[in-house]
Amino acid sequence: MLVRRMYAWRGYDTESLGWQADDPNRLTLVAWHHGEVVATLTLGRDSPAGLLADGLYASELALLRCPGRVVCEVTRLAIDPEFRSSDLLFSLLQSAHCYGKQFFAASDVVIEVNPRHARYYQRLLGFRPFGSRRQCPRVNAPAVLLHRELHDFAIPADKIG
């Protein structure tokens, strides 16, 4: 519900947000505050079904798919504005990093973001552009693909707290 509410608030399409809840290649992380969901993200591992980002960036993702590499993607990221903070975002992403490495043996992570957010992810989290601006039909909004390797992923200490 949080994802639908936050996406709708931004004017994004929410009709195509459903997915199989028992998909072993997807893990949803949730932050709670007094029994209410205040933040969420889904981490998806590459599989024969592919990644959601393949819809726009299949040729770019093909460059990452090689022996010894496992690509994951961050999707359905939403934080309630009342609880929005860099600390919460960093905690979610750090947790996704740990789960991705431990349970999915991930080597790389990609995220499709609205271009207006791309510099934030690049500056604070070390993501790099990996695809040009395109129109994402899933949410009917512009997107760019960002990438980073996970072997050295860390949130800088001065960015937390």
Chemist: Linking I/L/V/M/F/W/Y whenever any side-chain heavy atoms sit under 4.5 Å apart, do V110 and L52 land together?
Modeler: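 No.
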Chemist: Return the minimal non-hydrogen interatomic distance between R26 and F104, and the atom names on each side.
Modeler: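 Smallest interatomic distance, heavy atoms only, reads N-CZ, 4.2 Å.
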Chemist: With sequence neighbours left out, write down each residue that passes ring pair (Phe, Tyr, Trp, His ring centres under 6.0 Å) with Y120, or none if nothing qualifies.
Modeler: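 Once residues adjacent in sequence are excluded, Y120 has no partner under the ring pair (Phe, Tyr, Trp, His ring centres under 6.0 Å) criterion.
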Chemist: Can you run down the side-chain hydrogen bond (donor to acceptor under 3.5 Å, both in side chains) pairs that involve residues 47-58, sequence neighbours left out, and say none if there aren't any?
Modeler: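 Residue pairs with at least one partner in residues 47-58: D54-R65.
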Chemist: Quick one: closest heavy-atom pair of C136 and A143, and the distance?
Modeler: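 The answer is CB-CB, 4.1 Å.
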Chemist: With clusters defined by side-chain heavy atoms of hydrophobic residues (ILVMFWY) lying less than 4.5 Å apart, directly or transitively, does L64 cluster with L51?
Modeler: yes
Chemist: Identify the two heavy atoms, one from A96 and one from L41, that lie closest to each other, and give their separation to 0.1 Å.
Modeler: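 Closest approach of A96 to L41: CB-CD1, 3.9 Å.
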Chemist: So which heavy atom on L92 is nearest to which on A39, and how close?
Modeler: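 L92 and A39 have their closest heavy atoms at CD1-CB, 3.6 Å.
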Chemist: Looking only at non-hydrogen atoms, find the nearest pair between V38 and H33 and report the distance.
Modeler: CG1-CB, 3.7 Å
Chemist: When rounded to the nearest 0.5 angstrom, what is the spacing between CG in L146 and CD in E112?
Modeler: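 It is 9.5 Å, given to the nearest 0.5 Å.
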Chemist: Filter on salt bridge (Lys or Arg N to Asp or Glu O under 4.0 Å), then keep only pairs touching residues 91-110, sequence neighbours left out; what's left?
Modeler: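 Pairs touching residues 91-110 that pass the test: R69-D108.
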Chemist: According to side-chain contact (heavy atoms from CB on, under 4.5 Å), who are the partners of A106, at least two apart in sequence or on a separate chain?
Modeler: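 With sequence neighbours excluded, A106 shows a side-chain contact (heavy atoms from CB on, under 4.5 Å) to C72, L150, given in chain and number order.
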Chemist: May I ask you to decide whether E149 forms a salt bridge with R128, counting only side-chain N to carboxylate O separations under 4.0 Å?
Modeler: no
Chemist: So how far is it from T40 OG1 to I79 CD1, rounded to the nearest 0.5 Å?
Modeler: 10.0 Å
Chemist: Please report the interatomic distance OG1(T75) to CD1(I111), rounded to the nearest 0.5 Å.
Modeler: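 It is 8.5 Å, given to the nearest 0.5 Å.
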Chemist: So how far is it from H117 NE2 to L77 CG, rounded to the nearest 0.5 Å?
Modeler: 9.0 Å
Chemist: Sequence neighbours excluded, which residues qualify as side-chain contact (heavy atoms from CB on, under 4.5 Å) partners of S85?
Modeler: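 Counting only residues at least two positions away or on another chain, S85 forms a side-chain contact (heavy atoms from CB on, under 4.5 Å) with D87, L88.
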Chemist: With distance as the sole test, does E73 use its side chain to make a donor-acceptor pair with the main-chain N or O of A53 at under 3.5 Å?
Modeler: yes
Chemist: What distance do L89 atom CG and L125 atom CG have between them, rounded to the nearest 0.5 Å?
Modeler: 6.0 Å
Chemist: Only pairs at least two apart or in different chains count here, so list each ring pair (Phe, Tyr, Trp, His ring centres under 6.0 Å) that has a residue in residues 124-149.
Modeler: F130-H147
Chemist: Report yes or no: do L43 and V70 belong to one cluster of Ile/Leu/Val/Met/Phe/Trp/Tyr joined by side chain heavy-atom distances under 4.5 Å?
Modeler: no
